[in-house]
Number of protein chains: 2
Amino acid sequence: MTDADDTPMTPPTEEAPSSDVARGSGVALWKQIAERIEADIAEGRLKPGARLPTEAELAERFGVNRHTLRRALATLTDQGFIEATPGRGTFVKEPPLRYPITPRTRFSEIVSGEGRAPGGRVIGSRIEAADADIAAALKVPPGTEVLRLDMLREADSVPLTIGTHWYIADRCRDLDFIAAATGSVTRALEALGLGDYRRLETRITARLADEEERELLALPPGRAVMVVESINGDPKRQPIQFTRARFSADRVQLVVKN
Amino acid sequence: MTDADDTPMTPPTEEAPSSDVARGSGVALWKQIAERIEADIAEGRLKPGARLPTEAELAERFGVNRHTLRRALATLTDQGFIEATPGRGTFVKEPPLRYPITPRTRFSEIVSGEGRAPGGRVIGSRIEAADADIAAALKVPPGTEVLRLDMLREADSVPLTIGTHWYIADRCRDLDFIAAATGSVTRALEALGLGDYRRLETRITARLADEEERELLALPPGRAVMVVESINGDPKRQPIQFTRARFSADRVQLVVKN
DNA sequence: AGTTATTTGTTCGTATGTATC
DNA sequence: AGATACATACGAACAAATAAC
């Protein structure tokens, strides 16, 4: 049961170099260590991507057994602050990019807005027949010709998402060509007079990344991708585009503002 | 080019009832088979949860090699229509429950709205000190006492999500008790006069389910959970609750309407 | 608890038609 | 025409997970 506990708040004995965990203070040593390291990260003394000292070294520095130290690192790991790879070391994780889902969502604007450099390349494009899903989203009969465009998008040269876009083919001939030339779907659509699209509905699910996705997104095995399907329409809410994007769940956090 | 060729259409010596894939028709056998099975699912002849005949049997029924049949099943698998488990068989997937993310999102209302029976139980509750994340979300100083409530929620007795809710402790004494009694956080909050909360911001990410999550959600290894963090506030947009819910990505699709 | 049968998953090998250079 | 690459289709055998007894 939950008791409103009476443990005294541990005074911040900060003037010490960096060690000194308070033994017998009622707060578990591993918890004190975890909080210290978390504070180091939160306050920028440990920057994203930085490598932590080895477990042995940290254990010595805090004056605890390596097991105790590992208990602290374990909680930090599943809180998402750090990540350890056997043989390499333990690293401070990059904070995920906040990716807002709003009626007007543009990849490059979002990435620039977060102070990072958007990039990407067209993986491929072709005309295909709409299957049931695509047809329903675009409100056309199944089998209608659609232009499919596959893109890889990145921020600061780190791949974030693989996006597959479907457009009703006869509304946007040559879109793939223009997009490849300008490197921007948005600009290509503008060139065709279809620039002002807005998000009508977004569906989100997730699963394990498959091999192709791991390759393109540079992910180790066992990572998840978020599959974000969105129907985009013109100002009159007429669907003009259907997108299925697969985001690296490690590197992106979707944000819905209400 | 697929010419209207002069190869004699192989006579359907198949007098079998439902088979007959058209050989030499220009359409790959596996594709025809996949489309047939997809239609069977779409038109309800194969219901969600139903088990398909074994690969050997299907191959024989369609008059093709098992490889060819497997090629068809493979596309259906990654289109999300079916799912196979070695030793058990191949099953038609249940469609994921559509879970809207709106300012006013209530689990039980959503599940009932989809025609399924909401359920759940309290896993545990305790008073704890707010860590940096929780404190920031609730706009209180770190270390403030918060009531933590862990719940498992299900639809038709199938677990969908593990929700951890944090409330500012002194605003809702006895909430855990009332919630355990009534079985509904919403009702318990109403009893405390905090019923009319609304979602202020929602953050979504995903990762592999860990062992505890697999246990509670009855998931096999290698499945993903969506981690949905939401800040909920009163009508004056004052935060009163922070929730971190982990949804089975297999069984739920989050929907954002714009 | 252990054995067996069932069923999916994987890996060889072979042959054939089709599109491309 | 020839060479090459690629997708399609078939055959056989074995591995691995599961269910039933």
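First the proteins, then the strands, lettered A, B, ... as listed; each starts at 1.
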Among all residues two or more places apart in sequence or in another chain, which pass the side-chain hydrogen bond (donor to acceptor under 3.5 Å, both in side chains) test with B:Arg88?
none
Check nucleotides 2-4 of chain C for protein N or O atoms closer than 3.5 Å to its own N or O atoms and list the pairs.
none

For B:Pro53, side-chain contact (heavy atoms from CB on, under 4.5 Å) partners two or more places apart
B:Glu57, B:Leu58, B:Arg61
Can you list the residues that meet the side-chain hydrogen bond (donor to acceptor under 3.5 Å, both in side chains) rule with B:Thr243, with sequence neighbours excluded?
B:His165, B:Gln241
Along DNA chain D, 5' to 3', what are the outermost nucleotides having an atom less than 4.0 Å from a heavy atom of chain B?
D:dT8 to D:dA19
Quick one: which residue pairs count as a salt bridge (charged side-chain N to carboxylate O under 4.0 Å, His left out) with a foot in residues 112-124 of chain B, not counting sequence neighbours?
B:Arg116-B:Asp156
side-chain contact (heavy atoms from CB on, under 4.5 Å) partners of A:Ala129, counting only residues at least two apart:
none
For nucleotides 5-10 of chain C, 5' to 3', base contacts (B), sugar-phosphate-only contacts (S) and non-contacts (-) with protein non-hydrogen atoms under 4.0 Å give --BBBB
Rounded to the Å, how far apart are B:Leu29 CG and C:dG17 P?
14 Å
Sequence neighbours excluded, which residues qualify as ring-ring contact (aromatic ring centres under 6.0 Å, His included) partners of A:Trp166?
A:Phe242
In chain order, what residues pass the side-chain contact (heavy atoms from CB on, under 4.5 Å) check against B:Ala209, with sequence neighbours excluded?
B:Glu213, B:Arg214, B:Leu219, B:Val225
Considering all heavy atoms of both residues, which atom of A:Arg207 and which atom of A:Asp210 are nearest to each other, and what is their separation?
NH1-N, 4.3 Å
side-chain hydrogen bond (donor to acceptor under 3.5 Å, both in side chains) partners for A:Glu229, two or more places apart:
A:Arg203, A:Arg244
Tell me which pairs pass salt bridge (charged side-chain N to carboxylate O under 4.0 Å, His left out) where either residue lies in residues 66-86 of chain B, with sequence neighbours left out.
B:Glu55-B:Arg66, B:Glu55-B:Arg70, B:Glu83-B:Arg223
